[in-house]
Participant: 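This is the structure, below, for whatever I ask next.
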Amino acid sequence: FRSIVDGEGNVTINNEAAAQALDRAAGWVGNISPPGVAAYMEPESLGLFQNGNAAFLRSWPYVWAECQKEGSPVKGQVAVALNPDGGGGHAAALGGWQLAVSKYSTKQDAAIKLVNFLTSADMLKRRALVGGFLPPRVELYDDAEIAEAIPYFPEYRDVLLNATPRPSTVTGLDYNQISSIFFKNANEVLTGQAEGAAAVAAMEEEMTRVLAAP
């Protein structure tokens, strides 16, 4: 299973593969990961890695650009790879930044022009070159200038096309609650407070209750 909640709104997290994945990750904490890793936010994780105190970092594409900046202790020493394949394919979550124009805006024409500019190929290419951000325009993964500046970039075409969307559309206004339920229970496994099987069962019960509420 590659989803928490499927496209029909069914909670799918309560399965053996998900439970085993959580238990396996919990086994890394205090072993190959620092004991406090379950409490890290992005800046703490990046700081540990960029200062040369971690061999691997699971994060977002901007990290590569951060690590190549002048003064970075790991400049020129960082490579990028796909997430490990645990048997069900290389998993990646599809997210992004959404731009919208309010129907109540008194400056709709100007706002629409701004959105069109920010999502243009030229601007997305600039974001890729300067910040390492992955563009939603597939043709940019063939851009020679980007590939020269960011060697791993062409590999991410398939990542983009095969990523699993977050269940924000199907869960609607309940998305924040569903997300909180997931990370709360997952964190309990990582910190040794629960087993994987109990955590995914709790997730299913809590998520189903939230989604069923009027």
Side-chain angles (χ1 to χ4, degrees), residues 1-29 33 35-46 57-63 83-106 108 111-112 114-115 118-119 133-136 159-214:
F1 291 91
R2 296 174 64 91
S3 65
I4 296 170
V5 180
D6 68 18
E8 303 300 319
N10 302 306
V11 178
T12 57
I13 187 62
N14 189 6
N15 62 83
E16 185 177 357
Q20 289 178 349
L22 287 171
D23 286 332
R24 183 174 186 181
W28 298 333
V29 179
S33 299
V37 69
Y40 287 178
M41 301 294 283
E42 283 186 49
E44 291 86 354
S45 299
L46 175 58
L57 172 65
R58 164 68 177 92
S59 193
W60 304 106
Y62 75 90
V63 165
N83 289 334
D85 183 347
H90 299 283
L94 180 63
W97 295 267
Q98 288 68 48
L99 302 173
V101 177
S102 171
K103 68 178 181 179
Y104 302 107
S105 172
T106 59
Q108 282 192 4
I112 290 170
L114 176 61
V115 170
L118 293 174
T119 57
F133 296 102
L134 300 183
V159 174
L160 178 71
L161 295 178
N162 297 299
T164 300
R166 296 174 181 175
S168 54
T169 300
V170 69
T171 56
L173 296 177
D174 294 322
Y175 176 72
N176 284 342
Q177 282 185 273
I178 297 300
S179 180
S180 295
I181 290 168
F182 178 80
F183 74 68
K184 174 180 70 70
N185 284 281
N187 186 267
E188 289 180 355
V189 179
L190 297 179
T191 53
Q193 301 175 68
E195 297 293 328
V200 295
M203 289 184 206
E204 180 183 45
E205 180 182 351
E206 295 175 40
M207 290 178 183
T208 300
R209 184 168 60 249
V210 167
L211 295 174

Participant: Under the criterion side chain to side chain contact (heavy atoms under 4.5 Å, CB included), I'd like the reasoning laid out for V5 against N10: C-alpha separation, chi angles, the key distance, then a yes or no.
Facilitator: CA-CA 5 Å; V5 180; N10 302 306; 6.0 Å; no
Participant: Can you name the nearest heavy-atom pair linking T171 to I178, along with the distance?
Facilitator: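 Result for this residue pair: CG2-CG1, 4.0 Å.
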Participant: Given V63 and L46, is the side chain to side chain contact (heavy atoms under 4.5 Å, CB included) satisfied, shown in steps?
Facilitator: CA-CA 7 Å; V63 165; L46 175 58; 3.8 Å; yes
Participant: What pair of heavy atoms forms the shortest contact from L22 to V189, and how long is it?
Facilitator: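 Smallest heavy-atom distance, with atoms named: O-CG1, 3.6 Å.
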Participant: Give a yes or no on whether the ring-centroid distance for W60 and F133 is below 6.0 angstrom.
Facilitator: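 No, the ring centres sit 6.0 Å or more apart.
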Participant: Is a donor on one side and an acceptor on the other found under 3.5 Å between the side chain of E44 and the backbone of M41?
Facilitator: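 Yes; at least one donor-acceptor contact below 3.5 Å.
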Participant: Please identify each residue that fulfils side-chain hydrogen bond (donor to acceptor under 3.5 Å, both in side chains) with Y62, with sequence neighbours left out.
Facilitator: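 Expected list: E42.
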Participant: May I have the list of side-chain donor-acceptor pairs in residues 190-197 shorter than 3.5 Å, sequence neighbours left out?
Facilitator:
residue	atom	partner	partner atom	Å
T191	OG1	N187	O	2.8
T191	OG1	E188	O	3.4
T191	OG1	Q193	NE2	2.7

Participant: Using the side chain to side chain contact (heavy atoms under 4.5 Å, CB included) rule, take Q177 and M207 through it: C-alpha gap first, then chi angles, then the decisive distance, then the call.
Facilitator: CA-CA 8 Å; Q177 282 185 273; M207 290 178 183; over 6 Å; no
Participant: Quick one: side-chain hydrogen bond (donor to acceptor under 3.5 Å, both in side chains) partners of D174, sequence neighbours excluded?
Facilitator: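 Expected list: none.
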Participant: Could you pull out the closest heavy-atom pair between T208 and V11, with the gap in Å?
Facilitator: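 Distance-wise, the nearest heavy atoms are OG1-CG2, 3.7 Å.
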Participant: T12 side chain to S3 main-chain N or O, any donor-acceptor pair under 3.5 Å?
Facilitator: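 Checked: pair present.
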Participant: Check P35 against V29 and note the closest heavy-atom contact, atom names and distance.
Facilitator: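 Where P35 meets V29 most closely, the heavy atoms are O-CG1, 3.7 Å.
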Participant: Which atom pair, heavy atoms only, marks the closest approach of A202 to N185?
Facilitator: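 Shortest heavy-atom contact: CB-OD1, 3.5 Å.
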Participant: Kindly say whether Y175 contributes a backbone atom to a donor-acceptor pair with the side chain of S168 at under 3.5 angstrom?
Facilitator: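 Absent.
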Participant: If only atom types and distance count, is the side chain of Q108 paired as donor or acceptor with the main-chain N or O of K103 below 3.5 Å?
Facilitator: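 Answer holds: yes.
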Participant: Keeping D23 on the side-chain end and A21 on the backbone end, is there a donor-acceptor pair under 3.5 Å?
Facilitator: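 Judged by distance alone, no pair lies under 3.5 Å.
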Participant: Walk me through whether E204 and I181 qualify under side chain to side chain contact (heavy atoms under 4.5 Å, CB included).
Facilitator: CA-CA 9 Å; E204 180 183 45; I181 290 168; over 6 Å; no
Participant: Determine the sole option in L161, L160, T164 for which the side-chain contact (heavy atoms from CB on, under 4.5 Å) test with L94 is passed.
Facilitator: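 The single option meeting the side-chain contact (heavy atoms from CB on, under 4.5 Å) with L94 is L160.
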Participant: Please round to the nearest 0.5 Å and tell me the distance separating atom CD1 of I4 and atom CZ of F182.
Facilitator: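 Here the interatomic distance stands at 4.5 Å.
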Participant: Minimum heavy-atom separation for M203 to A186, with atom names?
Facilitator: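 What the structure gives for the nearest pair is CE-N, 3.7 Å.
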